[in-house]
Amino acid sequence: MFSYWEKTHFFKYDLIVVGAGFVGLSTAIHYQVANPEATVLVLERGVFPSGASTKNAGFACFGSLTEILDDLTHMSKDEVLGLVERRYNGLKAIRKQFGDKRLGYSHFFGYELIDDRQLGALVRLSEINEFLYPVFQDDVFSLVQKPAAMGFSDQVKAVVKNKFEGELDPGRYMNSLWELAHRAGIRILTGVSVKELLREEGKVLAEGADQVHLEFKAKKIALCTNAFTKKLWTAPDLQPGRGLILLSKPLDFDIPWNGSFHLDRGYVYFRQLAGRLLLGGGRNIDLEGECSMDFSVNPKIKLHLEGLAREVIFPNRKMEWEMEWTGIMAFGKIKSPIIQQVDDKTAVAVRLGGMGVAIGWQVGKELSLVLSKM
Ligand SMILES: Cc1cc2nc3c(=O)[nH]c(=O)nc-3n(C[C@H](O)[C@H](O)[C@H](O)COP(=O)(O)OP(=O)(O)OC[C@H]3O[C@@H](n4cnc5c(N)ncnc54)[C@H](O)[C@@H]3O)c2cc1C
């Protein structure tokens with residue numbers, strides 16, 4: 001039962017954004033800045049954002065050598081270059097907006113471990129540097145001269161360095177978005193799960209704590225629910241994709257490298273985090289099983305990652321695991337997000353895969369432009 005005051009002041013908005021991940025908050029901020037008089041509400045089902053934005057590895061990346069080569073087998077050159085450019089510009093944009101310190105950004109570079117299966121990629125390294133030149137005006141990839149000093153197993157035949165990649169702290173990035181949203185006057189309600197949209201009427205039906213029924217009204221609605229969108233809108237091509245991360249206990253030896261590492265065509269990634277190993281990915285071990293919105297841990301993938309840590313990353317070293325968690329991304333047949341108007345009042349920005357750190361802010365900007373024109 002709500003009071004007159006609550007009914008009068010808390011339920012009606014110019015824009016309601018569903019989902020408070022990178023995309024939802026970026027959308028709300030860009031829209032509020034472009035429309036200072038508008039009232040903007042963000043609804044998030046979790047106490048904290050509960051999809052991928054605070055569960056990820058924090059790689060500020062745009063594609064490894066083998067990933068770009070793989071993309072070129074099923075996408076046109078223009079599409080691949082466009083994708084890399086969008087991601088790189090996205091990274092530059094968040095660094096400019098929030099600053100490296102606030103993001104916890106470190107420019108330790110990106111690296112890719114090459115085993116026997118990917119040796120062919122090295123022959124094309126110069127060709128890919130030339131291909132990417134219009135975006136970076138410099139060579140992106142180079143071979144690490146003394147890879148043995150990094151201490152990986154001898155399965156690793158070469159290490160490719162990417163001098164334009166870095167890493168950040170997703171929690172700090174989220175804090176920066178929250179602060180900016182609050183300063184802009186955006187209201188964020190968490191623990192509110194949207195159950196249904198009555199789009200023609202601009203009604204957003206939701207459930208709050210103690211299963212209380214909430215009925216919000218908005219002139220415009222933005223759906224930024226990524227992998228969880230199908231419950232509210234039938235997306236044409238969108239599948240959930242779960243990702244697992246393992247974090248070791250502090251290691252009792254010095255780690256002989258720093259940076260964001262990719263292996264197995266980008267499916268596996270690792271970095272160091274305050275003297276620990278953060279290791280994640282491995283969806284390719286069970287692609288079907290990982291097509292899930294359930295946050296549980298796939299034991300097959302966990303075993304695979306633990307094996308890689310033992311046999312490839314730190315051979316002959318002892319280490320113990322302390323934490324594990326999963327997050328859910330969204331994938332489709334093509335790698336770009338869906339950003340579109342759905343009807344008079346509703347627009348969506350969803351299908352963010354493994355590069356949301358790089359493109360989330362920009363995707364929010366694009367969605368806010370769509371909303372402003374509606
Ligand atoms: C394990 C893992 C590692 C990753 N590593 C990296 C990386 O290193 N670099 C990188 O660039 N990207 C990485 N990503 C991808 C990146 O995290 C995502 O692309 C990005 O976070 C997507 O942002 P989003 O806002 O679209 O989705 P989300 O962060 O999932 O936000 C959607 C929000 O909507 C909310 N929601 C859903 N349904 C409802 C509802 N009915 N009512 C109210 N709220 C709702 C959810 O709770 C969620 O908070 C990784 C992802 C995972 C899972």
Side-chain angles (χ1 to χ4, degrees), residues 2 5-54 90 93-94 96-99 102-103 170-194 197 199 202-209 214-226 228-229 232 337 339 341-342 345-350 352 356-357 359-374:
F2 291 104
W5 322 113
E6 289 163 335
K7 281 189 178 170
T8 309
H9 297 293
F10 299 162
F11 288 97
K12 282 198 198 104
Y13 297 85
D14 292 316
L15 172 67
I16 293 182
V17 178
V18 187
F22 293 150
V23 173
L25 290 175
S26 302
T27 301
I29 293 166
H30 285 292
Y31 188 84
Q32 184 77 81
V33 169
N35 305 275
E37 301 304 319
T39 51
V40 179
L41 172 72
V42 180
L43 295 176
E44 166 58 48
R45 63 179 182 164
V47 172
F48 304 121
S50 308
S53 297
T54 48
I94 55 168
K96 188 168 174 219
Q97 175 68 42
F98 300 105
R102 292 170 77 85
L103 293 173
R172 278 173 171 263
Y173 181 15
M174 185 52 72
N175 274 337
S176 305
L177 287 166
W178 274 335
E179 281 168 25
L180 194 54
H182 284 127
R183 260 189 284 149
I186 294 161
R187 184 167 296 172
I188 303 171
L189 298 182
T190 63
V192 178
S193 182
V194 174
L197 300 179
R199 297 197 327 235
K203 281 190 183 160
V204 176
L205 310 185
E207 195 175 279
L214 303 161
E215 190 172 312
F216 296 95
K217 200 151 190 305
K219 290 183 188 146
K220 296 175 190 179
I221 301 168
L223 211 48
C224 303
T225 40
N226 207 29
F228 311 92
T229 301
L232 300 171
I339 306 172
Q341 181 172 349
V342 173
K345 292 192 174 69
T346 317
V348 302
V350 295
L352 281 274
V357 169
I359 62 171
W361 176 249
Q362 183 60 27
V363 167
K365 185 173 184 179
E366 289 173 35
L367 181 62
S368 96
L369 286 174
V370 172
L371 289 159
S372 292
K373 285 186 195 145
M374 281 164 48

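Residues: numbered from 1 along the sequence shown. All of these numbers come straight from a predicted model, not from anything done at the bench.
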| query | Taking it one step at a time, do V342 and R199 satisfy side-chain contact (heavy atoms from CB on, under 4.5 Å)? | reply | CA-CA 10 Å; V342 173; R199 297 197 327 235; 3.4 Å; yes

| Can you name the closest pair of heavy atoms from M174 and L25 and give their distance? | SD-CD1, 3.4 Å

| message | C224 vs V18, test: side-chain contact (heavy atoms from CB on, under 4.5 Å). Steps then yes/no. | response | CA-CA 6 Å; C224 303; V18 187; over 6 Å; no

| task | Mind telling me whether W361 and H30 have parallel, tilted or perpendicular rings, with 30° and 60° as the class edges? | result | tilted

| request: Please name all residues satisfying salt bridge (charged side-chain N to carboxylate O under 4.0 Å, His left out) with E207, sequence neighbours left out, ordered by chain then number. | output: none

| query | Can you tell me if Q32 uses its side chain to pair, donor with acceptor, with the backbone of A38 under 3.5 Å? | reply | yes

| Okay, side chain of K220, backbone of M374: is any donor-acceptor separation there less than 3.5 Å? | yes

| message | On the six-membered ring of F98, is R172 placed so that its NZ or CZ lies under 6.0 angstrom from the centre and within 45° of the ring axis? | response | no

| Within the distance-only criterion (no hydrogens, no angle test), does the side chain of R45 pair as donor or acceptor with the backbone N or O of S50 below 3.5 angstrom? | yes

| Can you tell me if NZ on K345 sees more than 12 non-hydrogen neighbours from other groups inside 6.0 Å? | yes

| note | Smallest heavy-atom separation, V348 atom then L367 atom, equals O-CD1, 3.5 Å

| said: Taking salt bridge (charged side-chain N to carboxylate O under 4.0 Å, His left out) as the cut-off, I'd like each qualifying pair that reaches into residues 9-37, sequence neighbours left out, listed once. | reply: D14-K219

| Taking the six-membered ring for Trp, are F11 and F2 ring centroids under 6.0 Å apart? | yes

| request: Any chance you could lay out the side chain to side chain donor-acceptor pair (under 3.5 Å) test for R102 and Y173, step after step, and finish with the verdict? | output: CA-CA 7 Å; R102 292 170 77 85; Y173 181 15; over 6 Å; no

| request: For a side chain to side chain contact (heavy atoms under 4.5 Å, CB included) with V17, tell me which candidate from V42, L41, I186 qualifies. | output: V42

| T54 side-chain N/O to P49 backbone N/O, donor-acceptor pair under 3.5 Å | yes

